[in-house]
Protein chains: 2
Amino acid sequence: MTLHPVLIAGAWRPARATGAFSAYNPALGEKLPGEYPTSDWTDCDAALDAATAAAALLRTLPPEPRALFLEAFARRIEARRDELVEMAHLETGLARKPRLADVELPRTTGQLRQGAAAARDGSWALPTIDSKLNIRSFFAPIGPVWVFGPNNFPFAFNSAAGGDFVAAVAAGNPVIAKANSSHPGTTRLLAEEAKAAVDEAGLPPATVQLIYRTSHADGERLVSDPRTGATGYTGSRSAGLKLKAAADAAGKPIYLELSAVNPVVILPGALAERRAALVDEFVASSLMGTGQFCTNPSLVLLIAGEATEQFVAGVRARFDAAEPSPLLSSAVARALAASVETLQAAGARLVTGGSAVATAGYRFCNTLLRASGAEFLRTPARLQTEAFGNAALFVVAGDAGELAAVLQQLEGSLTGGFYTDTRGSDDALYQQLEPLLRPRVGRLLNDKMPTGVAVSPAMNHGGPYPSTGHPGFTAVGIPAALRRFAMLQCFDQVRAGRLPELLRDQPPNEQVFRLVDGEWRRGPLHGA
Amino acid sequence: MTLHPVLIAGAWRPARATGAFSAYNPALGEKLPGEYPTSDWTDCDAALDAATAAAALLRTLPPEPRALFLEAFARRIEARRDELVEMAHLETGLARKPRLADVELPRTTGQLRQGAAAARDGSWALPTIDSKLNIRSFFAPIGPVWVFGPNNFPFAFNSAAGGDFVAAVAAGNPVIAKANSSHPGTTRLLAEEAKAAVDEAGLPPATVQLIYRTSHADGERLVSDPRTGATGYTGSRSAGLKLKAAADAAGKPIYLELSAVNPVVILPGALAERRAALVDEFVASSLMGTGQFCTNPSLVLLIAGEATEQFVAGVRARFDAAEPSPLLSSAVARALAASVETLQAAGARLVTGGSAVATAGYRFCNTLLRASGAEFLRTPARLQTEAFGNAALFVVAGDAGELAAVLQQLEGSLTGGFYTDTRGSDDALYQQLEPLLRPRVGRLLNDKMPTGVAVSPAMNHGGPYPSTGHPGFTAVGIPAALRRFAMLQCFDQVRAGRLPELLRDQPPNEQVFRLVDGEWRRGPLHGA
């Protein structure tokens with residue numbers, strides 16, 4: 001069988017392959033048709049050279065062609081929707097509907113269109129003008145961006161179409177996509193449409209390139225290569241930290257989304273008020289997508305009592321009754337089993353589940369573990385082991401003081417939440433506990449599970465280490481996500497005709513907000 | 001002699017000292033009175049504990065007390081101006097006037113007052129509200145900030161009063177200052193006033209703490225300690241990179257300003273038009289402060305020709321005629337001599353200078369080196385060795401093509417500039433060369449030397465590695481500098497009464513700009 005070609009410098013061409021791999025249907029555990037190459041360094045090198053040239057060209061172009069590209073790409077994804085959904089379903093086991101067709105695909109095209117709007121508008125770049133000193137600055141493209149996509153969002157975080165891709169391109173950079181090995185076919189289809197859209201919009205051909213897989217050593221080499229501008233990575237903590245070490249040592253920005261347990265604190269008043277509804281909410285959020293979300297609520301913190309026992313029993317009954325859906329890959333299934341073992345070895349007890357399902361495909365019983373607050377405090381690091389998949393740990397503190405102590409041992413997470421009652425009986429406890437949780441999470445929720453991540457300007461899909469590499473950046477939310485793939489450029493007394501359009505006295509459009517002499521405003525510099 | 005005490009948890013108390021050091025008068029090479037301690041880990045640990053408690057308290061306070069603190073501190077610096085100027089002059093050899101009294105001290109108090117205004121206003125935090133989804137976010141304080149100040153700005157970048165200090169405190173964080181060992185007395189006086197201002201404003205006592213020196217190992221430990229929020233460092237590349245490696249491995253933000261050669265390209269038309277003026281401008285900028293500026297123009301790029309030879313001769317004559325002013329320390333003098341040797345070993349030839357001045361104090365002859373473009377291209381990395389002090393390297397390219405090749409070998413720098421003529425004869429060359437230099441520098445100048453760094457919103461005092469650790473941040477310029485010491489915090493469906501003031505429907509003041517549903521605006525959420 002011939003290997004699928006890679007996309008380098010605008011052409012689909014055979015990889016310089018050192019190996020081959022295939023995707024698997026995780027619902028059946030069966031190999032899917034098609035073989036994909038592991039590229040050697042020659043392919044990476046060629047992609048970097050082409051991207052460097054494309055970056056130089058992109059810097060000279062106005063935003064319109066890249067906005068057109070992002071919109072054309074969105075239209076093309078919609079036109080090929082059925083084939084994309086079918087391929088993604090085969091490769092990930094995620095439901096065709098509603099998940100892939102009705103939720104993730106529209107989200108993906110929505111991100112592309114939001115990116116187009118942000119590119120056209122220009123406000124994302126925070127153009128800043130000090131008129132008296134004639135000093136001007138903005139965020140400019142950073143150069144070739146590598147995107148490593150995760151296994152759990154074949155569209156919305158795909159390295160060739162998802163959030164990091166959109167942010168990097170909208171900011172004016174070429175992208176080299178490193179496909180996730182669990183859905184190479186989906187990535188191939190997306191990259192085919194991306195290439196067609198690049199041609200349609202007249203962008204430099206190497207604006208989008210695709211490599212399926214590299215060696216680990218080449219991965220570390222490419223994120224730290226002098227030609228690389230920055231890297232976006234979403235995936236496992238262990239692989240991510242190796243890339244981070246390599247990029248950090250070379251002074252290359254790398255934005256990572258690594259892992260999170262997403263603590264949810266349920267206070268006594270909320271349990272007393274609406275226990276059955278909380279069971280529903282938690283179970284839906286916990287098992288959605290077989291629990292394979294970065295924002296899955298996998299650590300629930302409770303205070304001991306009868307209502308808590310009833311909540312645990314309610315969740316257990318629902319976990320037992322729900323048919324386990326497939327996991328994304330055999331690797332995910334193995335990692336989940338290992339994490340559940342680690343949690344048990346650290347003192348957590350199994351309430352239900354805890355073993356693989358003995359049917360076809362990669363399935364694990366819906367798993368609930370519990371530990372006391374005292375047990376958690378004995379080995380807080382190990383009891384925060386991420387169990388990526390359909391598993392959750394409940395930590396039942398003896399009292400509010402112990403709950404506070406538990407919160408103070410939490411590592412950085414993407415999200416954290418509180419459920420409180422509507423009558424105010426939990427308010428004093430909230431006031432006491434919120435300051436302990438707030439600095440440990442990127443997004444704080446009230447009375448809501450964390451699995452919905454709106455693509456909205458105020459969204460923060462980021463958080464303190466080890467959930468990401470830097471707590472000041474978000475991977476979701478336009479315009480902020482674009483600024484990850486940008487460098488601050490200042491122009492000091494640069495002559496008027498030589499300034500970038502966004503920094504001229506007359507802005508390139510009516511919409512762009514600029515910080516002029518300390519005030520955000522639209523319109524020309526010397527206008528009314 | 002007793003050691004000066006450290007400032008920990010609001011009290012001046014004896015250090016747990018493992019050693020002692022003194023400052024030297026660099027103009028005379030003589031030890032100054034007073035001995036300062038090297039602290040052991042116990043001091044760092046105590047400071048971190050106190051700062052952690054202070055950070056938690058600061059989060060609950062409105063911005064007004066920290067604005068009052070910054071203003072009171074500025075007034076106190078002005079009241080103690082003569083003593084501060086005298087001490088800084090003794091410890092650094094920098095001129096009392098105009099440098100210390102008329103330039104650097106007013107700049108320092110100006111930064112403090114700009115920080116107060118930014119804290120009060122709140123726009124720096126980019127408050128963002130998506131009203132339909134009820135998702136809100138802003139930049140919140142990051143926690144205890146370590147500031148390592150450099151040797152070359154005893155006031156304006158002082159760890160206990162300078163730019164990083166102001167940015168960290170204005171953003172709502174406590175600071176632990178690590179004094180620069182070359183001016184501990186100046187830092188002590190500043191910290192005395194800071195402590196008095198903290199008390200006056202009613203801030204938590206540990207909002208400002210001071211340690212004079214630690215072991216290198218403790219330095220690496222403290223930037224990576226779990227209690228640390230972030231670190232600001234300005235200093236040598238070698239020490240900075242060790243701290244960076246430690247902080248990176250722990251996932252702790254660290255902002256570094258490491259080194260820069262600040263290339264200046266002088267094109268033929270400019271030389272033909274105004275050679276004498278360019279000699280004046282360059283010599284003034286190059287020798288100002290004995291060349292000890294992060295933005296010193298230490299690499300000048302020229303194209304071979306008669307005018308270039310005349311320019312070189314003009315600079316040489318002025319270098320020879322100018323009395324070398326003292327360097328900041330014996331360490332700076334040794335490093336400068338070593339760098340000049342490295343440059344010569346790499347092929348640069350001495351035009352003038354190149355050796356220490358055989359008088360009292362730490363002085364080095366004003367030094368000019370030159371190399372051809374071809375020589376530069378043979379060892380571009382070594383010929384970019386930073387010679388911190390009164391030395392510069394001229395690279396004379398054979399033609400425009402060789403100059404372009406030289407530009408493509410430049411490492412990241414804080415600044416870069418072009419001099420062109422006013423009649424347009426250099427314009428075509430500018431258009432060809434600017435894209436090569438622009439992505440390599442944080443601030444691009446036209447017809448201006450880089451040594452003036454205005455504290456202004458559009459300023460960028462940052463740049464690609466190795467000039468700093470990340471090209472998206474600036475150390476100078478308010479409000480942007482504050483965002484380095486902040487984390488992005490999102491509030492998703494958080495109940496109205498629990499929101500931070502900046503994110504409530506009714507903002508805390510009339511000035512703050514917020515990004516509401518995609519538009520920057522002032523005033524209440526549902527206002528006109």
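Remember, predicted model here, so these are calculated numbers, not experimental data. Below, chain A is the first sequence line, B the second, and so on; all start at residue 1.
Looking at Pro457(A), both its backbone and its side chain come within 4.5 Å of chain B, counting heavy atoms on both sides. For Ala56(A), no part sits under 4.5 Å from any heavy atom of chain B, backbone or side chain. Of the two parts of Ser123(A), neither the backbone nor the side chain holds a non-hydrogen atom closer than 4.5 Å to a non-hydrogen atom of chain B. Heavy-atom distances place both the backbone and the side chain of Pro439(B) under 4.5 Å from chain A. Both the backbone and the side chain of Phe491(A) come within less than 4.5 Å of a heavy atom in chain B. With a 4.5 Å cut-off on non-hydrogen atoms, Ala230(B) does not touch chain A at all. For Tyr430(A), the part lying under 4.5 angstrom from a heavy atom of chain B is the side chain only. Proximity to chain A involves both the backbone and the side chain of Asp130(B), based on heavy atoms less than 4.5 angstrom apart. Pro466(B) does not touch chain A: none of its heavy atoms, backbone or side chain, sits under 4.5 Å away. At a 4.5 Å heavy-atom cutoff, Ala55(A) makes no contact with chain B through either its backbone or its side chain. Using a 4.5 Å cut-off between heavy atoms, Leu436(B) does not touch chain A at all.
No other option in Arg483(B), Gln493(B), Gln489(B) has as many heavy-atom pairs under 4.5 Å with chain A as Gln489(B). Between chain B and the residues Ala250(A), Pro226(A), Pro127(A), the most heavy-atom pairs under 4.5 angstrom are made by Ala250(A). Among the candidates His470(A), Lys132(A), Gln511(A), the residue making the largest number of heavy-atom pairs closer than 4.5 Å to chain B is His470(A). When each of Arg484(A), Glu519(A), Arg438(A), Arg59(A) is checked for heavy-atom pairs under 4.5 Å with chain B, Arg438(A) comes out on top. Here Val494(B) is the residue among Thr474(B), Leu126(B), Val494(B), Thr468(B) with the most heavy-atom pairs under 4.5 Å with chain A.
Relative orientation of the Phe473(B) and Phe473(A) rings is perpendicular, given thresholds of 30° and 60° on the angle between their planes. In this structure, Trp520(B) and Trp520(A) have parallel ring planes: the angle between them is below the 30° cut-off, well short of the 60° mark.
For the atom pair SG of Cys490(A) and CG of Leu414(B), the computed distance is 11.5 Å after rounding to the nearest 0.5 Å. Here the straight-line distance linking atom CZ of Phe513(A) with atom CG of Leu515(B) works out to 7.5 Å at 0.5 Å rounding. Interatomic distance, OG of Ser137(A) versus CG of Leu444(B), reported as 12.5 Å (0.5 Å rounding).
In terms of modelled atom types and a separation under 3.5 Å, the side chain of Thr128(B) and the main chain of Ala458(A) share no donor-acceptor contact. Asp492(B) contributes no side-chain N or O that, together with a main-chain N or O of Leu445(A), makes up a donor-acceptor pair within less than 3.5 Å. Under the 3.5 Å distance criterion, the side-chain polar atoms of Lys244(B) are matched with a main-chain donor or acceptor of Asp248(A).
You'll find the side chain of Arg498(A) reaches within 4.5 Å of the side chain of Gln431(B), heavy atoms only. Residues Leu133(A) and Met459(B) form no side-chain contact, since every pair of their non-hydrogen atoms from C-beta on lies 4.5 Å or further apart. Proximity of Ile142(A) to Pro471(B): side-chain heavy atoms (C-beta onward) are separated by under 4.5 Å at one or more points. Put simply, the side chain of Arg443(A) does not reach to within 4.5 Å of the side chain of Ile135(B), judged on heavy atoms. Between Arg495(B) and Thr420(A) the shortest side-chain heavy-atom distance falls below 4.5 Å.
Annotation for Lys448(A): atom NZ counts as buried by contact number, over 12 foreign heavy atoms lying within 6.0 Å.
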